[in-house]
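Let me begin by presenting the structure, written as structure tokens, before commenting on it.
Nothing here was measured: the structure is a model prediction, and the numbers come from that model. Proteins come first, then strands; the chains are lettered A, B, ... in the order of their sequence lines, and each starts at number 1.
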Number of protein chains: 2
Amino acid sequence: MPKASRTFENLDEDKRKRVLDASMEEFAEHGFHQASVNRIVDRLGIAKGSIFKYFGTKEGLFRYVFERGVEVFGRRLRAVREATADADFFARLRAALMAGVEFIEAHPAVYRIYLKMLFQERFPLRETILAEVRAHSARYLTPMVEDAMRGGRLRPDLDVPAAVFVLDAVLDRFLQARAVEFMDAGLGLAGTDRAGLERAADACLAVLRAGLAGMGNGPAARNESQSTTATNAADVAENGQDGAC
Amino acid sequence: MPKASRTFENLDEDKRKRVLDASMEEFAEHGFHQASVNRIVDRLGIAKGSIFKYFGTKEGLFRYVFERGVEVFGRRLRAVREATADADFFARLRAALMAGVEFIEAHPAVYRIYLKMLFQERFPLRETILAEVRAHSARYLTPMVEDAMRGGRLRPDLDVPAAVFVLDAVLDRFLQARAVEFMDAGLGLAGTDRAGLERAADACLAVLRAGLAGMGNGPAARNESQSTTATNAADVAENGQDGAC
DNA sequence: ACATATGGTGACCGGGTGGTCATCACGATG
DNA sequence: CATCGTGATGACCACCCGGTCACCATATGT
């Protein structure tokens with residue numbers, strides 16, 4: 001068991017940021033086991049001993065670095081939820097989705113680490129983090145769906161857990177396809193610009209709204225989540241937390 | 001550059017199978033880099049030199065082992081597609097989904113390796129395999145959707161690429177949730193039995209069919225993919241390839 | 001001028017890795 | 001019996017890893 005001195009907190013902010021950024025990048029690129037403390041210190045130009053003075057262990061370094069990222073992400077999503085509390089259901093979905101896109105653009109390393117953790121057993125904090133994310137997702141989507149059903153915006157006979165599962169699957173995959181070109185099943189999400197992303201998001205949300213077989217799509221297609229409501233919600237989401245991102 | 005003798009092909013089948021199974025399990029558990037040839041040969045009780053005589057490289061071993069798995073999977077899916085060629089659209093989806101579930105149950109190691117490869121850069125064959133899978137998925141779903149639209153079973157104004165994306169997302173996630181408990185967003189897919197899986201699949205397909213907001217769901221809800229058609233299609237899928245699986 | 005404290009350093013350690021190769025065991029052939 | 005070919009073997013190699021620790025640089029207090 002190595003000593004866990006708290007020396008890192010006393011460092012000046014420039015150096016702290018440099019260390020965190022380099023470590024984050026290394027973990028994002030190589031996962032946990034394949035990441036190398038030697039490479040991190042080489043890239044930083046500091047001695048290996050320093051890292052172990054700061055964090056005690058490679059795992060300690062990872063915990064510190066990653067928890068930072070999760071903290072930032074949580075702050076952002078909470079802001080979006082609050083800001084769109086009284087908007088239309090699909091507008092809220094759209095806002096959450098675009099907030100996710102923006103977060104990935106701002107902090108690609110955090111998201112890449114998250115993706116690696118999903119399917120890589122033996123990752124420190126795996127159980128903790130993933131259970132947290134799952135709970136967060138359920139607590140985020142389920143009340144939104146239930147509210148919208150009470151408000152008559154969704155069909156009253158909707159199977160809520162199944163609907164939440166489908167929503168979660170599509171939203172998640174949308175972000176994954178943006179980040180990992182291979183997850184793209186035909187839409188060009190990985191390479192497109194913001195406008196293309198928004199068009200694709202609208203198309204997917206339209207499918208979710210009216211279904212594949214749903215007939216009589218007159219009203220469903222007309223008040224699609226576009227221009228007014230949706231853009232407004234996305235804008236509102238954008239200024240939620242500027243300092244942090 | 002190590003020699004690539006073809007000694008492995010001359011071995012008797014028992015030993016070949018033992019070697020392939022042990023290697024597959026090691027890669028499934030540890031991914032590629034973290035997998036250890038030492039552990040494989042220890043578990044097998046053979047000398048390390050033998051493995052390198054057979055496959056030349058750790059990467060050569062992986063290629064051989066994984067391509068075997070992909071081959072089996074492809075055979076299975078093609079059989080299902082043929083067997084359900086003239087069934088209802090959602091019944092075909094259901095059959096493909098349940099065939100995926102069965103494959104994962106029969107060959108969990110192959111699927112675990114595939115999941116690891118998705119988000120782990122620097123995996124041998126990553127580009128090749130994933131591009132193959134993506135192309136396969138697009139070629140599988142898109143014609144099914146287009147046929148169903150021509151036949152009037154899906155709304156005529158459906159955005160095909162978006163619909164395929166949504167379908168791909170939900171089907172994939174369904175299998176992932178079955179395999180990786182954390183991907184479960186509320187349905188209990190990871191721990192349930194076959195009947196529970198089928199119920200969940202029907203619920204998700206119902207959401208996909210009628211959408212979240214689709215009103216006038218009389219006909220959509222009534223001829224849901226249940227009992228008759230769906231079960232029939234799944235049965236048909238089951239006896240597609242017995243010898244291979 | 002000296003003592004103290006604090007952060008920084010990098011050679012070093014034990015261990016595990018992918019990969020090599022001289023050697024062996026053994027059956028078939030002359 | 002001798003020769004040959006083929007597969008099996010495991011000690012060995014160079015390399016990299018996470019982690020340690022005795023030592024150094026500097027600034028401050030007295």
Name the pairs: protein N/O against N/O of nucleotides 10-13 of chain C, kept only if under 3.5 Å.
unit_1, atom_1, unit_2, atom_2, d
dG10(C), O6, G49(A), N, 3.4

Counting only heavy atoms not in R68(B) (residues, nucleotides, ligands), do more than 12 fall under 6.0 Å from its CZ? no
Can you check the D12(A) CG to dT6(C) C1' distance for me, whole Å? 15 Å
Identify whether the distance between the nearest side-chain nitrogen and carboxylate oxygen of E105(A) and R178(A) falls below 4.0 Å. yes
Residues that E127(B) engages under side-chain hydrogen bond (donor to acceptor under 3.5 Å, both in side chains), provided they are two or more places apart: none
Whether F119(B) and F119(A) hold their rings parallel, tilted or perpendicular, with breakpoints at 30° and 60°: parallel
Which one, dG18(D), dA22(C), dG18(C), comes nearest to the side chain of F52(A)? dG18(D)
Quick check on dG7(D): is either OP1 or OP2 less than 4.0 Å from any side-chain nitrogen or oxygen of K53(B)? no
Just to verify, which of F103(B), F66(B), Y114(B) counts as forming a ring pair (Phe, Tyr, Trp, His ring centres under 6.0 Å) with F73(B)? F103(B)
When you measure from the centre of the six-membered ring of F32(A), is the NZ or CZ of K116(A) under 6.0 Å away and within 45° of the axis? no
dT20(C) C1' sits how many Å from K58(B) NZ, rounded? 17 Å
Indicate whether OP1 or OP2 belonging to dT6(D) is found under 4.0 Å from a side-chain N or O atom of N10(B). no
Locate the shortest heavy-atom distance separating A95(B) from T84(B); write the atom from each residue and the value. CB-CG2, 3.9 Å
How many angstroms lie between atom CD of E26(B) and atom NZ of K58(B), to the nearest 0.5 angstrom? 8.5 Å
Approximate separation, where rounding is to 0.5 Å, of H30(A) NE2 and R122(B) CZ: 3.5 Å
Does any residue of residues 23-40 of chain B have a heavy atom under 4.0 Å from DNA chain D, and if so, which ones, in number order? none
Within this structure, what is the CZ-to-P distance between F8(B) and dA8(D), rounded to whole angstrom? 10 Å
Report the distance from atom CD of E9(B) to atom P of dT6(D), rounded to the nearest whole Å. 16 Å
To the nearest Å, give me how far apart CG (D42(A)) and C1' (dT9(C)) are. 13 Å
Nearest-Å distance, CZ (F55(B)) to P (dA8(D))? 11 Å
Can you tell me the distance, in whole Å, between the CG atom of L11(A) and the P atom of dG7(C)? 8 Å
If only side-chain N and O atoms of Y54(A) are considered, is one of them under 4.0 Å from the OP1 or OP2 phosphate oxygen of dG7(C)? no
